[in-house]
Amino acid sequence: MKNDKVNTKTIKVDYLARVEGEGALYVKIKGNTVTDVKFKIFEPPRFFEAFLRGRSFCEAPDITARICGICPVAYQMSSSHAMEDAFGIRVDGQLRALRRLLYCGEWIESHALHVYLLHAPDFFGYDDAIQMAKDYPDIVQRGLQLKKTGNEVVILIGGREIHPINVRVGGFYKALTKQELNSLTEKLKRARDIALEAVSWTAKFDYPDFEQDYEFVALRHPDEYPFNEGKLISNKGLDIFVHEYDNHFIEEQVAYTNALHSKLKERGAYFVGPLARFNLNFDRLSPLAKEAAHSAGLSPVCRNPFKSIIVRSVEMVYACDEALRIIGQYEKPEIPAIPFQPTAGTGYGCTEAPRGILYHRYRVDDNGRILDAKIVPPTSQNQKTIENDLWQFIPKYLDLPSEELKYDCEKAIRNYDPCISCATHFLKFNIDRE
Amino acid sequence: MNKNKITQTSCANTLPILIIGIGNTYRGDDAVGLVIAQHLKKQVPDYVSVIEESGNGVAFMESWKDADTVILIDAVHSGTKPGTIHRFNASAHPLPSKFFRYSTHTFGVAEIIELARTLNQLPSHLIVYGIEGKRFEAGIGISPEVNKAVQEVVNRLRQDIHSFLKIS
């Protein structure tokens, strides 16, 4: 059916599957022109920033971890770093290494979930991982095993799987022994092998020819692939310290969505997450992860968002590698946390959640009571870029029947592994054709 | 929550029956699976393990790996009268997915059971209880209609336990 013969057409589905959270997509097409694209997030506002006010600084890591069941570690890390910045303390040495190890666990479990169970079905035309498991049971099993290893890292260091309880400002409540960490070594080696297979597996997928001139934003550290810290850089000139974030980025209220849209004041939309990290920090990957990327035909700068599944797989290799490196060099720190006194001030923290940079800012009083909080999650930073992709993507596929077009739009959204819960659950989808 | 004890013991395969209460304490009637698990813990013999799960379904697959008989309890949202008790033999038939679609878990109950079935990882006996919820908004406390169903489900679970012991 040719589009120009269609006057008005509306397509509805109950929700967009395989993303976390409740949202909707609205697309309006007049003849052969896309006239409106709205990526709506209608998850009710959650007011976390407001109910942090009046709370003690020490509650921030545990309260903000509740924002997300997939990346609670990211919230704990960014909030802890921000508080430590406010109090002028620095967590270093083995405590810092233990934080990176915890983050490795979260990256592995989050990426494994997305690569194998949420994203891969798109490249085979399956509705979901259950359908895919009928034809590829071994692959799905491998994904589950990889995810389990990530979970085990988080359970061991964080105290439990979903919202870890061992993280505190200044370090941890309990520091682990080397023997305890050694229990992960063989599992991580097996996980690294599975991740390497994931890179070569995803490299063979059929990718749409779709590239855009994105502004990629990620942390950059002098000698590490970024988890915890670094300057904020982009491929278009951004090079700032984390405390300068508010001078360069702005959040806007948009009528149709409950999540704020974040943009760069100077240039607008930008792209955070695995693809941004990879493009801006390729030289900081471990030799094995670099080799895996090269053998997959992947090198920076990759501008095809559909290839983010290969990049996530490369990052799983890195996270396993980094975890093994940390465990190999680990010695139990003398104290589980650095002692400090809270002081009045403002603290800034930004770490690399699996989906991209997660910025926290807190103003606290002399007793460490939170006066003001600001949290900018990765998904709200990517919203504009997701919409921009759809504006560019849809015109190329206008001749497709609406059901196929809908599926392709969903695929384009899933490239970003959006976490709508973070940004403010079910996605409704409408296409109007006039 | 005595999850560790149960996991260890069930791994040792000394507990033949595993009961999993699923839900979120902070989303109204979604808590009913947890409430029933808490009631049941005080009443079951040592050879029955009861755990509470709030996370995603992948975790259920892990927890039932060594169990022969598993009973899942969760809130459902299917349009029937609040407090209605649905019972499904999931080892025999797929769950009607509309019942469990309200789940906010990454992989819901119906999805994870079908994934486990595809991967030949279902326990020999799998029963699912679904209790029709009334409200799933943020907030603590279950509605009176759903609360009424709690004791009825506990009674029925005790009967299930007896009949499964007879089978084994």
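In what follows, chains are A, B, ... by sequence order, proteins preceding strands, each numbered from 1. Predicted, not measured: the structure shown is a model, and the values here were computed from it.
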>> Heavy-atom count check: over 12 atoms from other residues, nucleotides or ligands less than 6.0 Å from B:Tyr26 OH?
In response: no
> What are the two closest non-hydrogen atoms of B:Leu115 and A:Ala129, and how far apart are they?
Replying inline: CD1-O, 4.1 Å
>> Counting only heavy atoms from other residues, nucleotides and ligands, does the tally under 6.0 Å from CZ of B:Arg117 exceed 12?
In response: yes
> Are side-chain heavy atoms of B:Glu111 and A:Asp128 found at a separation under 4.5 Å?
Replying inline: no
> What is the minimum heavy-atom distance between B:Leu119 and A:Ala133, and which atoms define it?
Replying inline: CD2-CB, 4.1 Å
>> Let me confirm one number: the CD-NZ distance from B:Glu114 to A:Lys134, rounded to the nearest 0.5 Å.
In response: 7.5 Å
> Roughly how far, to the nearest 0.5 Å, is the CD atom of A:Gln141 from the OG1 atom of B:Thr118?
Replying inline: 10.5 Å
